[in-house]
Amino acid sequence: MLMKEYRICMPLTVDEYKIGQLYMISKHSSEQSGGGEGVEVVRNEPCTDPKHGAGQITEKRIYLNSKLPTWIRKFVPMVFYITETAWNFYPYTVTEYTCSFLPRFHVKIETRFENDNGCNENVFGDDPTPKDSVCFLDILSDPIPEKHYKKSEDLSNWVSEKTGRGPLVDGWRNAIQPIMCSYKRVTCSFEVYGFQGRTEDFIHR
């Protein structure tokens with residue numbers, strides 16, 4: 001089992017992000033559908049939690065065989081799906097992924113949204129994540145694969161007409177307001193001899 005915490009800062013508030021998140025989920029589902037593959041919503045209904053209160057549970061089946069690397073395709077069926085179960089108690093969410101034919105495959109993502117620049121060392125309120133397992137992802141400077149790059153979304157050039165925010169420059173995380181952070185604690189396990197380490201590393205990448 002491999003656990004890491006990712007921190008992704010953005011130049012907006014937690015309330016603003018909630019609106020954008022709904023839009024991006026819909027957009028991503030649309031872009032990932034095609035060629036007989038895509039996303040199937042199995043259930044979408046209210047739920048409650050003793051600690052987090054009222055929320056929404058969503059279960060989806062994600063068909064993505066063609067998007068896997070060649071070395072994984074060698075031992076998976078031609079047609080399979082990943083089940084995504086998400087509990088949304090915004091600004092706290094939990095998402096779990098399992099595989100239709102691999103009972104030993106499991107990914108859990110806990111997310112907490114906070115109006116800060118990623119400085120909270122124990123945002124989940126239990127045990128602080130070891131520093132060598134914390135990774136800051138920079139939406140401005142981290143490399144993007146060429147096939148995913150869109151000039152219209154390049155934050156070194158983009159300016160919001162509505163808010164006047166942007167473009168971002170080096171060091172923006174410590175100098176800009178408003179700012180928020182998406183803290184993601186990701187735990188993945190793939191208990192199959194000979195593939196465990198390689199697969200868990202692939203999942204995090």
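Just so it is clear, the values below take in all heavy atoms, side chains as well, and ignore hydrogens, waters and symmetry mates.
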- request: Under the side-chain contact (heavy atoms from CB on, under 4.5 Å) rule, what do E153 and I144 come out as? Steps first, then yes or no, please.
  value: CA-CA 11 Å; E153 297 177 359; I144 301 173; over 6 Å; no

query: Is the number of heavy atoms from other residues, nucleotides or ligands under 6.0 Å of N174 CG greater than 12?
result: yes

message: Whether the side chain of Y90 engages the backbone of K18 through a donor-acceptor N/O pair (distance < 3.5 Å, no angle test) should be reported.
response: yes

Pairing of R112 and E110 as salt bridge, 4.0 angstrom limit: no

- prompt: Do R61 side-chain atoms and Y81 backbone N/O form a donor-acceptor pair below 3.5 Å?
  reply: no

task: Under 4.5 Å between side-chain heavy atoms, chaining through other members, with only Ile, Leu, Val, Met, Phe, Trp and Tyr counted: pull out the rest of the cluster around L22, sorted by chain and number.
output: none

task: Could you check K162 against E16 for salt bridge (charged side-chain N to carboxylate O under 4.0 Å, His left out), going step by step and ending with a plain yes or no?
output: CA-CA 13 Å; K162 185 173 183 178; E16 289 172 329; over 6 Å; no

message: Could you tell me if N88 and T93 have a donor-acceptor pair between their side chains, going purely by distance under 3.5 Å?
response: no

- prompt: For I57, does its backbone N or O pair with a side-chain atom of R43 as donor and acceptor, under 3.5 Å?
  reply: no

- prompt: For the side chain of R165 and the backbone of P11, is there at least one donor-acceptor N/O pair under 3.5 Å apart?
  reply: yes

query: Quick one: ring pair (Phe, Tyr, Trp, His ring centres under 6.0 Å) partners of Y97, sequence neighbours excluded?
result: none

Aromatic ring pairing Y17/F113, orientation class (parallel under 30°, perpendicular over 60°, tilted between): tilted

- request: Could you pull out all residues at least two apart from S156 that satisfy side chain to side chain contact (heavy atoms under 4.5 Å, CB included)?
  value: L140, D154

message: Hydrophobic clustering (ILVMFWY, side-chain heavy atoms < 4.5 Å, transitive) - are L168 and F136 grouped together?
response: no

query: Just by distance, do the side chain of N115 and the backbone of V14 share a donor-acceptor pair under 3.5 Å?
result: yes

query: How close do R7 and C181 get, heavy atom to heavy atom, and via which atoms?
result: CB-SG, 3.7 Å

Sub-4.5 Å side-chain heavy-atom contact between C47 and F89: yes

